[in-house]
> 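Quick one: the structure is below, and I'll ask about it shortly.
Scope of the values below: all heavy atoms of this structure, side chains included, with no hydrogens, waters or symmetry mates.
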Amino acid sequence: MVVGAFPMAKLFYLGIRQVSKPLANRIKEAARRSEFFKTYICLPPAQLYHWVEMRAKMRIMGFNAEAVKPLNEEAAAELGAELLGEAIIFTTACSCLMLEYWRHQKQHKRKERERRVALSELRDELEDLVLALEELQEQVRVAALQQSALGELRGEMQEVRAQMQEVRAQLCTPGPMPAPQDAPEPEE
């Protein structure tokens with residue numbers, strides 16, 4: 001991924017540079033034509049750049065440069081226009097990078113929001129399933145109670161059947177019939 005990303009970044013930078021170059025060239029032309037633009041916008045950064053560059057070079061070589069001779073106006077205007085063009089290209093590239101970063105953050109936040117919604121839906125579904133499980137467990141408990149009650153009833157029915165068979169057996173046995181008991185006659 002990184003190997004593929006580096007050439008894309010280089011290509012992206014070159015594309016921005018090619019798009020920004022016409023703007024930088026127009027600024028250079030404006031610096032050459034306009035005295036105000038040349039004097040107040042191009043010359044001060046060029047002279048400052050020249051001064052910093054010369055002081056750094058002198059210190060690297062071991063000399064103490066107290067006074068740096070300023071550039072002539074034409075060379076300073078050219079250098080200032082070049083610096084301004086490069087600054088515009090750099091600003092355009094940084095703007096593109098910031099826009100890309102902002103887009104990536106927005107996309108990341110959207111994905112995070114979608115993930116939170118999905119997680120919330122899963123939690124709700126889990127709660128529903130827990131409630132359904134509790135309901136089913138209650139039904140199983142009630143069914144177990146009903147089954148034990150049914151078992152008791154079967155036991156009682158078997159006892160009643162056994163008693164009925166005894167009564168049948170007594171009724172069906174040959175022998176003297178027991179005398180009926182005198183029952184009081186109903187009064188009318």
> Just wondering, more than 12 heavy atoms not from M61 lying within 6.0 Å of its CE?
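Yes, the 6.0 Å shell around CE holds more than 12 heavy atoms from other groups.
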> Mind checking what makes salt bridge (Lys or Arg N to Asp or Glu O under 4.0 Å) contact with R154, not counting sequence neighbours?
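Partners of R154 under the salt bridge (Lys or Arg N to Asp or Glu O under 4.0 Å) test: none.
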> With rounding to the nearest 0.5 angstrom, report the CD to CD distance, E152 to Q147.
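Nearest 0.5 Å value for the CD-CD distance: 12.0 Å.
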> Can you tell me how far the CZ atom of R55 sits from the CD1 atom of I60, to the nearest 0.5 Å?
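These two atoms lie 13.0 Å from each other.
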> Heavy-atom count around E74 CD within 6.0 Å, excluding the residue itself: above 12?
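Check fails, neighbour count at 12 or below.
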> Could you state the interatomic distance from CG (D128) to CG (D124), rounded to the nearest 0.5 Å?
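Rounded to the nearest 0.5 Å, the CG-CG separation comes out at 7.0 Å.
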> By the definition side-chain contact (heavy atoms from CB on, under 4.5 Å), identify the one residue from R141, Q137, E135 that meets it with Q139.
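Only match with Q139 under side-chain contact (heavy atoms from CB on, under 4.5 Å): E135.
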> Name all pairs fulfilling the ring-ring contact (aromatic ring centres under 6.0 Å, His included) condition that reach into residues 29-87, sequence neighbours left out, sorted by first residue then second.
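Of all non-adjacent pairs touching residues 29-87, those that pass ring-ring contact (aromatic ring centres under 6.0 Å, His included) are F36-Y40.
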> Within this structure, what is the CD-CD distance for the pair Q163 and Q158, rounded to the nearest 0.5 Å?
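The CD atom of Q163 sits 12.5 Å away from the CD atom of Q158.
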> Side chains of K38 and E73: does their closest heavy-atom pair fall under 4.5 Å?
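In contact.
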> Can E112 and R115 be said to form a salt bridge (charged side-chain N to carboxylate O under 4.0 Å, His left out), step by step?
CA-CA 5 Å; E112 183 67 24; R115 189 185 63 79; 2.4 Å; yes
> Taking 4.0 angstrom as the limit, do K111 and E114 come out as a salt bridge?
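Looking at E114 together with K111, the answer is no, because their closest N to O distance does not fall below 4.0 Å.
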> Is it the case that atom CD in Q107 sees more than 12 heavy atoms from other parts of the structure closer than 6.0 Å?
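Yes - once you tally the heavy atoms of other residues, nucleotides and ligands closer than 6.0 Å, there are more than 12.
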> Please name all residues satisfying salt bridge (Lys or Arg N to Asp or Glu O under 4.0 Å) with R123, sequence neighbours left out, ordered by chain then number.
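Listed in chain order: nothing, the list is empty.
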> Membership question, hydrophobic clusters at under 4.5 Å side-chain separation (ILVMFWY): are L79 and V68 in the same one?
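No, it is not one cluster - the side chains of V68 and L79 are not joined through contacts under 4.5 Å.
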> Does this structure show an ion pair linking R103 with E100, if we count only N-O contacts that are shorter than 4.0 Å?
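Judged by the 4.0 Å cut-off on N to carboxylate O distance, R103 and E100 do form a salt bridge.
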> Answer whether the closest heavy-atom distance between the side chains of N64 and M58 falls below 4.5 Å.
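A side-chain contact under 4.5 Å is absent here.
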> Taking atom CE of M157 and atom CG of L150, what is their separation to the nearest 0.5 Å?
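Separation between the atoms: 9.5 Å.
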> Could you tell me whether the side chain of S95 and the main chain of T91 form a donor-acceptor pair under 3.5 Å?
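Looks like yes, one N/O pair under 3.5 Å.
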> A46 and G80: which non-hydrogen atoms are nearest, and at how many Å?
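Smallest interatomic distance, heavy atoms only, reads CB-N, 3.4 Å.
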> Quick check for you: to the nearest 0.5 Å, what is the distance between L48 atom CG and L43 atom CG?
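Those atoms lie 12.5 Å apart.
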> Mark yes or no for whether Q47, through its side chain, and A76, through its backbone, hold a donor-acceptor pair below 3.5 Å.
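Not confirmed, Q47 side chain does not pair with A76 backbone.
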